[in-house]
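Working notes, structure below.
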Amino acid sequence: NTPAPLLELDAVTVGYGAAPVLEALSLGIHEGQLVALLGANGAGKTTLLRTVAGQLRPSGGAVRFAGRPIDALPVEDRTRAGLALVPEGRSVVAELTVDENLRLGALRLPPRERRAATAAMYALFEPLARRRRAAGHELSGGERQMLALARALVARPRLLLLDEPSLGLAPLVVAELLGVLRETADRTGLTVLLAEQNAASALAIADRGIVLGLGEIVADRPASELAADPALRHAYLGF
Ligand code: ATP
């Protein structure tokens, strides 16, 4: 029998005021899947990620993680349970060095595991290894996004929620970043929910694509199938 999904949204309704952004939305994501969450600007991708992370409370429905309802859990407890959100905008501590940022991320691990976990991030993100003494504010956009990602990964989350990492980055940098993400998922079994406007890049590395349109799921299919569907590409994916 199939295992239960690692993440389950069950008829989730959530928004900011009277009108919901997502209405009775249900989906399940299995351990080890790399899922691209696509859809136009304003479709509700960020809203969905923030709901899973615990920053927004649904007005209806339930969210389960690893088989457990997490609706009542504050953000901090969700992080401890293995959920990590990398918000849009490459949040790193600008005044701290690359190394200090990574060590902050590693504080969630037992002390004797921190050094090895940090070293593993330098092996994965070579540009960061070369810049380990640079301050956050000295980094390029691509380096900052790598650091934001590495700072989340260093604590070995089970589910990574990644919001729009490609924003404002050159295509080559995007490819490198998403390549590392794919490699990490393959090697560690990390589960990823990747919100992207850049559908072509996201589908190139994803197992599955979910397209949001006006608060509901308009497509949920293997990534290669979605990328090859001209009608869907034209209507929702912009490539
Ligand atoms: P983007 O790529 O712009 O982040 P998105 O698909 O992530 O798009 P959301 O950011 O989830 O979309 O926004 C969904 C809807 O919710 C939009 O209509 C947006 O205007 C609205 N919205 C988002 N954040 C807020 C907020 N803090 N207060 C009120 N409305 C909001």
Side-chain angles (χ1 to χ4, degrees), residues 7-29 33-63 65 70-71 74-75 78-79 83-92 141-142 144-145 148-149 152 157 159-171 173-175 177-178 181 191-206 208-221 223 226-227 229 232-239:
L7 175 70
E8 237 179 322
L9 272 68
D10 187 2
V12 166
T13 296
V14 63
Y16 303 90
V21 173
L22 306 174
E23 195 157 14
L25 187 132
S26 297
L27 64 85
I29 293 178
Q33 271 193 331
L34 201 167
V35 180
L37 182 63
L38 310 171
N41 211 288
K45 303 182 295 294
T46 299
T47 300
L48 197 157
L49 296 189
R50 294 184 62 203
T51 302
V52 175
Q55 293 178 357
L56 287 171
R57 290 302 159 104
S59 60
V63 182
F65 181 63
I70 57 170
D71 300 279
V75 174
R78 297 186 198 207
T79 309
L83 264 163
L85 170 67
V86 179
E88 196 175 309
R90 305 163 201 160
S91 56
V92 305
R144 255 205 319 273
Q145 184 63 74
L149 185 54
L159 172 63
L160 180 72
L161 306 162
L162 191 51
D163 200 356
E164 211 83 49
S166 80
L167 203 72
L169 299 183
V173 179
V174 173
L177 195 76
L178 295 183
L181 193 63
T191 310
V192 181
L193 188 52
L194 165 68
E196 261 300 340
Q197 297 238 29
N198 189 339
S201 299
L203 289 175
I205 59 137
R208 169 182 169 197
I210 297 174
V211 184
L212 286 183
L214 294 177
E216 56 175 29
I217 294 175
V218 296
D220 182 349
R221 282 155 59 189
L226 274 186
D229 184 326
L232 207 70
R233 281 169 57 160
H234 182 73
Y236 294 102
L237 305 180
F239 74 100

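All values below were derived from every heavy atom in this structure, side-chain atoms included, with hydrogens, water molecules and symmetry-related copies excluded. Residue indices begin at 1 and follow the sequence shown. We count ligands from 1, going down the list as the structure has it; atoms in each ligand are counted the same way.
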Taking every non-hydrogen atom, the tightest pair across Ala11 and Ser26 | N-OG, 2.8 Å
Please confirm whether the backbone N or O of Leu194 pairs with a side-chain atom of Lys45, one donor and one acceptor, at under 3.5 Å?
-> no
Would you mind running through ligand 1 and noting each atom that sits below 4.0 Å from a heavy atom of Thr47?
-> 9 (P), 11 (O), 13 (O), 14 (C)
Counting from 1, what ligand 1 atoms have a heavy atom of Glu164 closer than 4.0 Å?
-> 2 (O)
Provide, to 0.1 Å, the distance between atom 17 (C) of ligand 1 and the closest protein heavy atom, together with that atom's residue and name.
-> Gly42 O, 3.8 Å
Quick one: which ligand 1 atoms are inside 4.0 Å of a heavy atom on Val21?
-> 14 (C), 15 (C), 16 (O)
Here the pair of heavy atoms bringing Thr51 nearest to Val12 is CG2-CG1, 4.2 Å
Any N/O pair Arg50/ligand 1 closer than 3.5 Å | no
Look at atom 14 (C) of ligand 1 and say whether a protein heavy atom is found at less than 4.0 angstrom from it.
-> yes
Residue Ala40 vicinity, atoms of ligand 1 by number, heavy atom under 4.0 Å | 6 (O)
Report yes or no: does Arg221 contribute a side-chain atom to a donor-acceptor pair with the main-chain N or O of Ile210 at less than 3.5 Å?
-> no
min-distance protein heavy atom vs atom 26 (C) of ligand 1 -> Tyr16 CD2, 3.4 Å
Which of the atoms in ligand 1, numbered in the order shown and given with their element, are less than 4.0 Å from a heavy-atom of Ala43?
-> 5 (P), 6 (O), 12 (O)
Heavy atom of Ala195, distance to ligand 1 below 4.0 Å | no
Say whether, by atom type as modelled, one donor and one acceptor occur between the side chain of Arg50 and the main chain of Leu56 under 3.5 angstrom.
-> no
Numbering as shown, the atoms of ligand 1 that approach Glu88 to under 4.0 Å (heavy-atom distance) = 4 (O)
Closest candidate by heavy atom, reference atom 7 (O) of ligand 1, pool Leu56, Leu37, Thr46 = Thr46
Ignoring hydrogens and angles, tell me if any N or O in the side chain of Glu164 forms a donor-acceptor pair with the backbone of Gln197 under 3.5 Å.
-> yes
Residue, atom and distance of the protein heavy atom nearest atom 2 (O) of ligand 1 read Gln197 NE2, 3.0 Å
Taken to the nearest 0.5 Å, the spacing of Leu34 CG from Thr191 OG1 works out to 9.0 Å
Please say whether Gly44 places an N or O atom under 3.5 Å from an N or O atom belonging to ligand 1.
-> yes
Do Arg78 side-chain atoms and Ala84 backbone N/O form a donor-acceptor pair below 3.5 Å?
-> no
Look at the side chain of Arg208 and the backbone N and O of Gln33, then say whether any donor-acceptor pair between them is shorter than 3.5 Å.
-> no
Identify the closest protein heavy atom to atom 3 (O) of ligand 1: which residue and atom is it, and at what distance?
-> Asn41 OD1, 2.9 Å
Examine the side chains of Glu196 and Ser166 and answer whether a donor and an acceptor come within less than 3.5 Å of each other.
-> yes
Atoms of ligand 1 close to Lys45 [distance to a heavy atom under 4.0 angstrom, numbered from 1] = 2 (O), 5 (P), 6 (O), 7 (O), 8 (O), 11 (O), 12 (O)
